[in-house]
Number of protein chains: 2
Amino acid sequence: MKPMDHEPDNDRHVRPTIADVALRAGVSTGLVSFALNNRPGVNPSTRRRILEIAAEMGWSPDLRARSLRTNRAFALGLVRDTAAAPGDSFFPAFIAGVERDLSPVGQALVLASASAGPSEAETYRKLASERRVDGVILTDLRAADERLALVAALGLAAVTVGEADIDSPFPAVPVDAVAGVVAMVDHLVALGHRSLAHVAGPSVILHERRRRTAFEHACASRGVACRVIDTDSSARGGGEATKALLADPENRPTAITYSNDRMALAGIGVAHRSGLSVPRDLSIAAFDESDIARYVYPSLTSIVTDAEEWGALAARTLLAAIAGIELAEPRLAPARLVARESTAAAPGARPAS
Amino acid sequence: MKPMDHEPDNDRHVRPTIADVALRAGVSTGLVSFALNNRPGVNPSTRRRILEIAAEMGWSPDLRARSLRTNRAFALGLVRDTAAAPGDSFFPAFIAGVERDLSPVGQALVLASASAGPSEAETYRKLASERRVDGVILTDLRAADERLALVAALGLAAVTVGEADIDSPFPAVPVDAVAGVVAMVDHLVALGHRSLAHVAGPSVILHERRRRTAFEHACASRGVACRVIDTDSSARGGGEATKALLADPENRPTAITYSNDRMALAGIGVAHRSGLSVPRDLSIAAFDESDIARYVYPSLTSIVTDAEEWGALAARTLLAAIAGIELAEPRLAPARLVARESTAAAPGARPAS
DNA sequence: TTGTAGGCGTTATCAC
DNA sequence: GTGATAACGCCTACAA
């Protein structure tokens with residue numbers, strides 16, 4: 001035996017290549033490639049024969065070779081800051097949506113973490129320099145997000161989940177943040193609430209900021225008081241914000257909205273421990289619910305967005321961008337209010353007319 | 001502009017290849033490769049010069065070429081059934097752990113979904129035939145899991161998260177399921193509970209089955225009654241199981257353990273709606289908590305496992321297996337009981353001696 | 001319609 | 001110790 005390990009005729013576990021198919025079909029590799037890729041210029045009968053033989057031999061494309069040759073990775077990347085949002089219920093659903101649209105078209109999702117180890121920028125840089133992905137999905141966009149310039153400089157395609165606040169070379173998949181907030185404020189005002197509060201996530205995050213602004217505007221235009229507290233989006237943060245809001249019995253809101261449901265649940269916990277009953281003494285509402293919102297007690301009034309659909313739309317938009325197609329401005333169904341048990345008439349309020 | 005985008009000589013953004021480096025250094029590409037990979041047989045001064053020039057030119061390895069040549073993907077795969085466990089709090093943490101150990105060694109995580117579109121087997125098959133990954137992490141192992149044979153037949157490496165119940169060619173990263181359950185049952189028995197119940201996930205899932213068995217054994221050996229109800233692991237399922245358990249006031253458990261925290265939260269909801277107070281009238285406990293368990297009211301007594309560490313250990317074990325190294329049996333710290341507010345003395349029970 | 005040849009960037013082989 | 005050169009599997013101008 002030679003030191004070389006080429007014995008394609010011997011080893012039964014060698015994957016057939018297009019050369020093997022070509023040999024068997026008595027044609028050239030080029031023709032096989034054309035036939036396999038559904039390209040014009042191949043005699044229909046020849047094509048059929050080639051496809052048959054390829055199937056029979058169990059040929060399947062080797063992505064590595066194809067990648068090298070075509071300079072594409074056939075994969076998209078998603079970098080998450082895992083430390084920033086533990087227990088986040090939005091992400092898993094979002095990712096499921098992304099995958100749903102990727103796998104049928106032979107694309108894969110490469111997940112990378114930014115929090116641990118190398119910095120976020122380094123993670124994107126590596127993804128690009130190794131050419132592991134063709135594009136990235138940018139989530140949790142920040143104010144003046146430096147990732148836009150970075151990713152563009154790296155030559156990656158991208159899609160932003162939500163609209164950027166600066167010039168962006170990338171398509172965006174926005175969702176109407178205002179409608180839901182307005183519906184929520186109207187809902188609470190109709191219940192007689194005149195002093196509201198919003199427990200927000202970090203305000204560098206654009207969608208957090210937008211919710212906050214929408215909340216403040218809606219309150220102002222309805223002439224109701226509103227307080228906003230920033231948190232780190234964690235359950236703990238939500239609890240602490242609630243404590244702060246309830247600290248002064250003389251001057252506390254009668255309804256609190258939270259930027260996610262785990263903060264809201266923590267808020268309910270704090271309220272209970274303060275001797276307040278939800279929703280009798282205090283109304284509670286949330287954004288971005290997971291399925292538990294429906295089943296806890298009291299069930300959570302929420303502004304819900306279809307996270308999975310959002311992910312799917314983002315994936316589709318990015319794939320189109322990579323293919324050089326510009327999709328008609330993709331727009332997600334606006335977030336909608338789902339009223340449940342955690343919101344009720346404000347204490348001492350007469351029912352709205 | 002032509003529709004083609006190939007203009008490598010024109011584009012100023014061409015990445016330097018080792019050929020470029022070799023040219024500049026006045027050596028051959030082979031030598032550059034050796035130098036860059038820290039392999040013996042290169043004159044130290046030559047090596048230094050090559051490294052300098054490579055850095056200066058901004059060379060970085062192209063994974064595609066390396067993959068093609070070395071027949072490795074430098075990536076691991078994880079196939080999840082997204083539909084099966086929406087809102088699962090275990091997975092995100094687990095994945096974060098996987099990534100934590102992967103990125104520092106230049107490996108990536110490819111996530112694929114099985115629920116939507118192609119079948120689970122098809123997903124693994126594709127991952128292998130495209131050669132996208134070197135190995136897969138098998139989670140939520142099922143009884144007589146057919147994935148073991150499939151993945152082995154596909155020539156993929158793998159690691160199982162938890163021990164298989166059949167012969168497995170793959171290393172496993174088990175966790176002691178029994179200790180936590182025993183601690184939980186003892187905790188409840190000490191509180192005076194004599195009639196327990198367990199709301200389990202699908203019993204095809206091995207860890208669900210093991211918990212169930214451990215629960216039944218522990219109850220039997222303590223001489224306390226136990227009822228088990230199977231669910232689909234969803235919050236809804238947890239709620240319905242609770243309804244069933246509480247249906248007959250004459251004969252209902254005084255404590256219920258749930259296989260995950262969202263079922264437990266739903267259970268608390270059902271209890272409240274049935275006019276029962278937790279933990280006064282009914283004690284509630286959970287497994288696999290997310291961070292909200294600490295902050296809800298009442299806070300949840302839980303059996304907690306370090307999901308992130310589990311993911312990291314699984315990744316490490318699989319990487320070792322791929323490298324041909326067999327790690328000393330990796331073992332995770334056993335799950336431990338964290339008693340909180342949701343469990344208390346059984347109604348009418350005298351405090352344990 | 002089909003065949004040929006060259007190259008994508010890297011690593012492995014084998015002479016020098 | 002060093003340097004050509006041939007693969008890896010596929011795609012694609014270009015020639016026939």
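First the proteins, then the strands, lettered A, B, ... as listed; each starts at 1.
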Rounded to the nearest angstrom, tell me the gap between atom CZ in B/Arg72 and atom P in D/dG9.
16 Å
When rounded to whole Å, the CD1 to C1' distance for the pair B/Ile18 and D/dG3 reads 13 Å
Whichever of A/Gly41 and A/Thr29 has its nearest DNA chain C nucleotide further upstream toward 5'
A/Gly41
Rounded off to whole Å, could you give me the CZ-to-P distance for the A/Arg15 and D/dG9 pair?
8 Å
The side chain to side chain donor-acceptor pair (under 3.5 Å) partners of B/Glu146 (sequence neighbours excluded) come to B/Arg142
Does A/Thr17 reach a base, just sugar-phosphate, or nothing at all? Heavy atoms under 4.0 Å.
sugar-phosphate
Once you round it to whole Å, what is the distance between P of D/dG9 and CZ of B/Arg131?
8 Å
What's the CG-P distance between B/Leu31 and C/dT13, to the nearest Å?
17 Å
Side chain to side chain donor-acceptor pair (under 3.5 Å) partners for B/Glu308, two or more places apart
B/Arg100
In this structure, how many angstroms lie between the P atom of D/dG1 and the CZ atom of B/Arg39, rounded?
14 Å
Looking at CG of A/Leu318 and CG of A/Leu76, how far apart are the two atoms once the value is rounded to the nearest 0.5 Å?
4.5 Å
Of the residues in residues 57-69 of chain B, which ones touch DNA chain D at a heavy-atom distance under 4.0 Å?
B/Leu68, B/Arg69
Residues in residues 42-50 of chain A with a heavy atom under 4.0 Å of DNA chain D, by number, are none
Between C/dT13, D/dT12, D/dG3, which one does the side chain of A/Ser33 approach most closely?
D/dT12
Output every pair passing salt bridge (charged side-chain N to carboxylate O under 4.0 Å, His left out) with a member in residues 51-72 of chain B, not counting sequence neighbours, ordered by first then second residue.
A/Asp134-B/Arg64, B/Arg24-B/Glu56
Please check the phosphate of C/dG3 (OP1 and OP2 only) for any side-chain N or O of A/Ser28 closer than 4.0 Å.
yes
Counterpart residues, side-chain contact (heavy atoms from CB on, under 4.5 Å), relative to B/Ala55 (two or more places apart):
none
What integer distance in Å separates B/Asn37:CG from C/dG9:C1'?
12 Å
